[in-house]
Undergrad: 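Here's a structure for you.
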Amino acid sequence: MLSDVMPSQELQFGAAKGLHPNGQVAHFLDGAVLQYFDAEWCPLLTVYETAPVFDSVGARASIRGAPASLSLSLWTEMTVPAGELAPGRELAERIAAATAGVIRERV
């Protein structure tokens, strides 16, 4: 995800609760990695610690459908587990919407 707004844990939790009110989240590496689960503990989305984009040319080259002008300053890596992608993608899109960010896939 590319954004100018930091996707805080509170923001992410709000997005997750809106879609999966009975879901759960696990924290790893002192909160640097968050794993979201639905109510049945099926994994939905993993969100890694946000980092600033220092090299916009390199960032643009590593994602599909990159905007011509990469003005967004933060990169948040998110992964959806193999299998049913739609629930995790929906959560990622909800988090992106809350930050006015965009979801793009890596090449």
Undergrad: I'd like a table of donor-acceptor pairs (distance under 3.5 Å, sequence neighbours excluded) in which one partner is a side-chain atom from residues 24-41, with atom names and distances.
TA:
unit_1, atom_1, unit_2, atom_2, d
Q35, OE1, T46, OG1, 2.3
Q35, NE2, L45, O, 3.2
Y36, OH, Q12, OE1, 3.0
D38, OD1, E40, N, 2.9
D38, OD1, W41, N, 3.2
D38, OD1, C42, N, 2.9

Undergrad: How far apart are the closest heavy atoms of A61 and V107, and which atoms are they?
TA: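 Closest approach of A61 to V107, heavy atoms only: O-CG2, 3.6 Å.
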
Undergrad: Do you know the tightest heavy-atom contact between S3 and G101?
TA: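 The answer is CB-CA, 3.8 Å.
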
Undergrad: Tell me, which pairs form a salt bridge (charged side-chain N to carboxylate O under 4.0 Å, His left out) where one or both residues lie in residues 80-89, sequence neighbours left out?
TA: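 As it turns out, the salt bridge (charged side-chain N to carboxylate O under 4.0 Å, His left out) pairs with a partner in residues 80-89, which skip direct neighbours, are R89-E93, R89-E105.
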
Undergrad: Taking all heavy atoms of V102 and all of A96, pick out the closest pair and write down the distance.
TA: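 In this case the closest contact between V102 and A96 is N-CB, 4.3 Å.
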
Undergrad: May I ask whether M1 and V5 are part of the same hydrophobic cluster, defined by side-chain heavy atoms of I, L, V, M, F, W, Y residues being less than 4.5 angstrom apart, directly or through others?
TA: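 M1 and V5: separate clusters.
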
Undergrad: Only counting residues at least two apart or in another chain, list the ones meeting salt bridge (Lys or Arg N to Asp or Glu O under 4.0 Å) with E90.
TA: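 Result, salt bridge (Lys or Arg N to Asp or Glu O under 4.0 Å) vs E90: none returned.
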
Undergrad: Please report the interatomic distance NE2(H20) to CG(L91), rounded to the nearest 0.5 Å.
TA: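 The NE2 atom of H20 sits 6.0 Å away from the CG atom of L91.
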
Undergrad: Same cluster or not: are W75 and Y48 linked, directly or through other Ile, Leu, Val, Met, Phe, Trp or Tyr residues, by side-chain heavy atoms under 4.5 angstrom apart?
TA: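 Cluster IDs for W75 and Y48 differ.
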
Undergrad: Report yes or no: do L85 and L44 belong to one cluster of Ile/Leu/Val/Met/Phe/Trp/Tyr joined by side chain heavy-atom distances under 4.5 Å?
TA: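 Cluster IDs for L85 and L44 match.
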
Undergrad: So which atom in I95 and which in P7 form the shortest heavy-atom distance, rounded to 0.1 Å?
TA: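 For I95 and P7, the tightest heavy-atom pair comes out as CG2-CB, 4.2 Å.
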
Undergrad: Closest approach of L74 and P52, non-hydrogen atoms and distance?
TA: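 Of all heavy-atom pairs spanning L74 and P52, the closest is CD2-CA, 4.1 Å.
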
Undergrad: Please report the closest heavy-atom contact between G18 and R94, naming both atoms and the distance.
TA: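 Here G18 and R94 meet closest at C-NH1, 4.1 Å.
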
Undergrad: Would you call L2 and I63 a side-chain contact if the rule is heavy atoms closer than 4.5 Å?
TA: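 They are in contact (side-chain heavy atoms under 4.5 Å apart), so the answer is yes.
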
